[in-house]
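What follows is a single structure, written as structure tokens, with notes after it.
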Amino acid sequence: MPPAHPFDDDKLKEECGVFGVIGVADAANFVALGLHALQHRGQEAGGIVSYHPDHGFNNARRFGYVRDNFTSQSLMQTLPGPLAIGHVRYSTAGAKGAAIRDVQPFFGEFAMGGAAIAHNGNLTNADSLRRELIERGSIFQSSSDSECIIHLMARSLQRNIPERMEDALRRVEGAFSIVAMTRTKLIGVRDPMGVRPLVLGRIGDGWVLSSETCALDIIGAEYVREIEPGEMVVISEKKGIESLRPFRPQPPKFCIFEHVYFSRPDSIIGGRSVYETRRQIGVELARETPVEADLVCPVPDSGTPAAIGFAHESGIPFGMGIIRNQYMGRTFIEPTEQIRNMGVRLKLNVNRALIQGKRVVLVDDSVVRGTTSRKIKEMILDAGAAEVHFRIASPPTAWPCFYGVDTPQREKLLAATMTEEEMREYLSVDSLKFISLDGLYRAVGEAQGRNAKCPQHCDACFSGEYPVEPSDMIQKGFRLKAAE
Ligand code: SF4
């Protein structure tokens, strides 16, 4: 599967996707399909664990795309049983480009039986927990923050695995949407603020947990509901679904960037179509930042719904002024500045006949380092555009994310060091405008905009207001906004 955005190297990178199924024959096949639909959430590696009463737990973890690994019959035959979970990852904690031991799901053997877990998100106190656990004798196998959960479970004195998991998760801080399994149970948990998504689906007599609804569609499962912030569901074939509330309730802080970029446009979040939200972001953007122009072009593919909304609201015609090479993988793209610049031309081409002589509005989802925005602007001008106006479907990204998204260090974020006018000059465009935070909140369904006293979402990468203090990072010298 190609990356979700042609400039993968100048975008925030989501994290991970999790998926689990109970109560169907050969559950691992469904998990492989689900992970394939979640591939945009992590392309580095994937893994599946299954359980069969006669064959016990089995697992396969591989680097690369799901379609290149989990489609072989010989591999899938090694993952039998009616219960399976899986994970796709782009490493957000632990070593980048790491060893296979960092690939999830992680597995632990406890006195009462085995358990496997797959985690989407990032724990903000994992360093201190790891130090404490190692001092007390835990032997870590990986560099992943998620492994702390297995060790905390091992140390719990509770009688069964779900209770041990509750114990463990009360010790961790940060963002987690977890899909886990025992021999007989599928377990789903969201952190008290519900930063990362997790949904429940039904397939025949079986149940499904997934990061996004698009992965329910691929296996023909019916969407039931979201797992609520702070909720833990324990699903077994015998008892069905049990819903628990193991944490102290907190105001929800779902990641607002899921709406802007991370989730697939065909997913449903909070009862709203992601595509429709993105189109609405374009509508708000056109209202807030009008411009005289001849053509609205998306930066494909993630800018497309917002560009459609912008064109509709402004009355400026929409056109595909930039065409993506669908077959361009990541293979050629090495992370050096020189090759990154070449990479833009390898992945995208300008539709010269359409944009020549036109005043072009380019709609993109975000500006991170700005390197690719500059390159696109050059391509558009080289092809004969009269003017280039950037309109960005998110506020300036000025702060790193510590909740499961890979962001460059703060100094590398263009908006961390420049004003909007300085960014416009740096990009050398006729105008550059971002949607406001209030406009973004309106687009995601908050009619009154952002509640400044208690924001309805996590928006820390724009506002610098972190709903969970990133304690490990503060110890490493990161300065919060209040400390600046
Ligand atoms: S900091 Fe940004 S990307 Fe990270 S969880 Fe919050 S809104 Fe999402």
Side-chain angles (χ1 to χ4, degrees), residues 4-5 8 10-18 40-42 90-93 119-126 145 172-178 190-198 211-212 229 250-264 267 269-270 274 277-278 281 302 365-369 392-410 412-416 434-441 443-446 449-452 454-474 478-481:
H5 192 287
D8 235 23
D10 192 18
K11 288 285 156 186
L12 301 191
K13 290 185 189 72
E14 163 84 67
E15 1 164 315
C16 307
V18 291
H40 60 290
R41 298 183 73 88
Y90 174 83
S91 60
T92 51
H119 169 210
N120 174 203
N122 197 35
L123 307 182
T124 50
N125 64 340
D145 61 329
V172 306
E173 294 166 9
F176 53 85
S177 276
I178 289 174
R190 271 178 99 191
D191 65 73
M193 295 185 304
V195 176
R196 306 256 72 94
L198 190 64
S211 292
E212 290 183 43
Q250 291 184 42
K253 302 281 179 203
F254 183 67
C255 165
I256 205 161
F257 225 134
E258 290 278 352
H259 290 285
V260 175
Y261 176 61
F262 299 137
S263 292
R264 252 174 57 167
S267 283
I269 295 179
V274 174
T277 297
R278 287 183 191 164
I281 291 174
S302 48
D365 55 80
S366 55
V367 171
V368 179
R369 286 183 296 204
I392 309 300
S394 56
T397 309
W399 296 87
C401 174
F402 302 121
Y403 308 135
V405 171
D406 187 54
T407 352
Q409 286 168 330
R410 181 143 197 252
K412 300 259 172 65
L413 296 169
L414 204 62
F434 297 80
I435 193 169
S436 68
L437 255 183
D438 267 329
L440 179 56
Y441 271 79
V444 303
E446 301 289 345
R450 181 178 193 257
N451 176 351
C454 181
Q456 304 91 320
H457 283 72
C458 175
D459 56 25
C461 47
F462 309 124
S463 65
E465 294 172 26
Y466 290 91
V468 183
E469 198 167 271
S471 53
D472 283 346
M473 295 310 296
I474 290 170
F478 176 76
R479 285 163 66 83
L480 291 172
K481 196 173 174 182

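In what follows, residues are counted from 1 in the order of the sequence shown. Counting convention: from 1, in listed order, for ligands and their atoms alike.
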Of the side chain and backbone of Thr407, name the one, both, or neither that has a heavy atom under 4.0 Å from an atom of ligand 1.
neither
Atom 4 (Fe) of ligand 1: the protein heavy-atom neighbour that sits closest, reported with distance to 0.1 Å:
Cys401 SG, 2.3 Å
Run the numbers for me: atoms of ligand 1, each under 4.0 Å from some heavy atom of Cys255, listed by number.
3 (S), 5 (S), 7 (S), 8 (Fe)
Short check: any N/O/S atom of Cys461 below 2.8 Å from atom 2 (Fe) of ligand 1?
yes
Please name the pair of heavy atoms, one in Ala398 and one in Arg410, separated by the smallest distance, quoted to 0.1 Å.
O-NE, 2.6 Å
Specify side chain, backbone, both or neither for Lys253, according to which of its non-hydrogen atoms lie closer than 4.0 Å to ligand 1.
neither
What are the two closest non-hydrogen atoms of Pro192 and Phe176, and how far apart are they?
CD-CZ, 4.1 Å
Whether the Tyr441 and Asp459 side chains hold a donor-acceptor pair (N or O, under 3.5 Å, no angle test) is what I'd like checked.
yes
Gly449 backbone acceptor or donor facing Asp438 side chain under 3.5 Å
no
Atom 7 (S) of ligand 1 [closest protein heavy-atom partner, distance rounded to 0.1 Å]:
Cys458 O, 3.0 Å
Give the atom numbers and elements of ligand 1 that come within less than 4.0 Å of a heavy atom of Val195.
5 (S)
Closest non-hydrogen atoms of Ile392 and Val367, given as atom of the first, atom of the second and distance, are CD1-CG2, 3.6 Å
Provide the number and element of each atom of ligand 1 under 4.0 Å from a heavy atom of Arg196.
5 (S)
For the student: nearest non-hydrogen atoms of Ala175 and Arg196, plus distance:
CB-CG, 4.2 Å
